[in-house]
Amino acid sequence: LLNAQAPASIAGNTFISAVTSGTPPLATTGYLLFLPTNSTGYSVIGLGGVSNSAGNYSYSINGAAGTVNYSDSVGGSIKGSFFYFTSLLGSYALAAGAFGQYTQTGNFAMFTNPVPNSIAGHGFYITVTNGGYPFATNGSFNLTTAASGNSYTITAITGGGINSTGTYSYAKLNASCGGIQLTDSVTGVSTVYLALSNSVTGGYVLTQPSSGGYQIGLVSILNTAIAITSPTSGSTYVTN
């Protein structure tokens with residue numbers, strides 16, 4: 001049921017999509033991160049069966065549907081990609097080829113909130129919804145960054161996660177998505193993408209192209225370190 005107006009523009013808004021069907025050369029399964037950087041350019045980060053690509057696009061709206069036409073480095077000329085919006089969620093269908101013989105369908109979530117300029121001193125609570133080796137396919141963990149420097153720790157809470165440490169760098173990729181380059185003591189080098197739907201919650205995507213491993217999930221940004229300022233004496237309390 002369509003019940004939301006498609007946005008006037010998708011520039012700077014990140015989409016995380018799950019592919020439900022397709023015909024080659026378009027992916028038949030997997031996940032993708034669609035990053036429009038401005039009104040004409042985009043990149044795609046592919047996971048679990050979707051190839052990375054880049055290109056140019058045009059966008060128009062018709063009520064709850066948005067039409068995107070692509071000039072893609074992998075899929076070629078893609079005409080008639082329809083995004084059907086139900087608030088920030090929805091489905092899409094696209095056709096490629098001279099006669100529209102190549103198709104793909106899927107579901108998406110759109111992220112519109114600005115990501116922070118820095119993640120120093122923040123903690124992130126992540127719930128894993130899917131993944132591929134060497135990363136956990138379920139569970140939850142905390143990723144905590146130091147207030148200064150570029151170190152972090154991962155603390156497994158449930159599921160198949162493993163405690164680890166490492167270093168990171170962070171950059172905004174577009175208005176609603178930030179990329180964290182991790183050098184992890186357990187899994188090596190990978191990249192995490194954070195896309196926010198409000199000021200503290202959003203989507204989490206991890207990719208490791210060297211192994212083909214990936215992980216997707218939900219993320220909540222936790223507060224910076226909590227300090228007890230009162231009482232300072234005369235009572236017994238424990239900090240954790």
Side-chain angles (χ1 to χ4, degrees), residues 1-23 26-50 53-72 75 77-96 100 102-116 124-130 172-179 192-205 216-221:
L1 179 65
L2 306 181
N3 61 7
Q5 175 68 42
S9 170
I10 61 172
N13 294 345
T14 300
F15 293 78
I16 296 177
S17 298
V19 178
T20 56
S21 68
T23 53
L26 304 177
T28 61
T29 186
Y31 303 90
L32 62 92
L33 193 68
F34 181 70
L35 299 171
T37 53
N38 50 46
S39 60
T40 60
Y42 71 90
S43 61
V44 170
I45 309 299
L47 304 167
V50 179
S53 68
N56 296 312
Y57 75 97
S58 62
Y59 174 78
S60 61
I61 63 172
N62 182 13
T67 302
V68 184
N69 293 325
Y70 309 90
S71 176
D72 190 74
S77 177
I78 301 175
K79 300 292 185 181
S81 176
F82 298 98
F83 286 76
Y84 302 101
F85 287 83
T86 58
S87 68
L88 296 179
L89 305 174
S91 60
Y92 75 93
L94 61 85
Y102 310 120
T103 62
Q104 187 182 81
T105 61
N107 301 308
F108 71 83
M110 182 176 71
F111 299 89
T112 62
N113 206 75
V115 290
F124 300 86
Y125 177 77
I126 295 161
T127 302
V128 178
T129 57
N130 208 330
K172 293 180 70 169
L173 302 177
N174 67 7
S176 64
C177 187
V192 167
Y193 301 93
L194 303 174
L196 299 183
S197 52
N198 59 47
S199 59
V200 293
T201 63
Y204 158 90
V205 171
I216 64 173
L218 305 175
V219 64
S220 296
I221 301 180

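No experiment lies behind these values; they were computed from the predicted model shown.
Contact annotation: the side chain of V192 approaches that of Y204 to within less than 4.5 Å [non-hydrogen atoms, C-beta and beyond]. Looking at heavy atoms from C-beta onward, I221 lies out of side-chain contact with L194 at the 4.5 angstrom threshold. Residues L218 and T201 form no side-chain contact, since every pair of their non-hydrogen atoms from C-beta on lies 4.5 Å or further apart.
Interatomic distance, OG of S17 versus CG of L47, reported as 11.0 Å (0.5 Å rounding). Rounding to the nearest 0.5 Å gives a distance of 10.5 Å between CG of L94 and CG of N69. Interatomic distance, CG of L35 versus OG1 of T14, reported as 5.0 Å (0.5 Å rounding). To the nearest 0.5 Å, atom OG of residue S197 and atom CD1 of residue I16 are 9.5 Å apart. In this structure, the separation between CD1 on I216 and OG1 on T129 is 4.0 Å, given to the nearest 0.5 Å. Distance OG/S53 to OH/Y42: 5.0 Å, rounded to 0.5 Å.
With sequence neighbours excluded, the residues that form a side chain to side chain contact (heavy atoms under 4.5 Å, CB included) with I10 are P7, F15, F34, P36, Y57, Y59, V68. The side chain to side chain contact (heavy atoms under 4.5 Å, CB included) check on S60 picks up T67, with sequence neighbours excluded.
For Q5 (side chain) and A64 (main-chain N/O), no donor-acceptor pair under 3.5 Å exists by modelled atom type. For the pair T23 (side chain) and T103 (backbone), a donor-acceptor distance under 3.5 Å is present.
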Identify every side-chain donor-acceptor pair in residues 104-116 under 3.5 Å, counting partners at least two apart or on other chains, and give the distances.
from : atom 1 : to   : atom 2 : distance (Å)
Q104 : OE1    : Y92  : OH     : 2.9
Q104 : NE2    : A27  : O      : 2.9
T105 : OG1    : T20  : OG1    : 2.9
T105 : OG1    : S21  : OG     : 2.6
N113 : ND2    : N198 : O      : 3.3

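When all heavy atoms of A6 and G66 are compared, the pair lying nearest together is CB-N, 4.1 Å. In terms of heavy atoms, A96 sits closest to L26 at CB-CD1, 4.2 Å. Across every non-hydrogen atom of L33 and C177, the tightest pair is CD2-SG, 4.4 Å. Looking at every heavy atom in both residues, S176 comes nearest to G12 through OG-O, 3.0 Å.
For the pairing with L32, the side chain to side chain contact (heavy atoms under 4.5 Å, CB included) check across V205, I45, V19 returns one residue only, V19.
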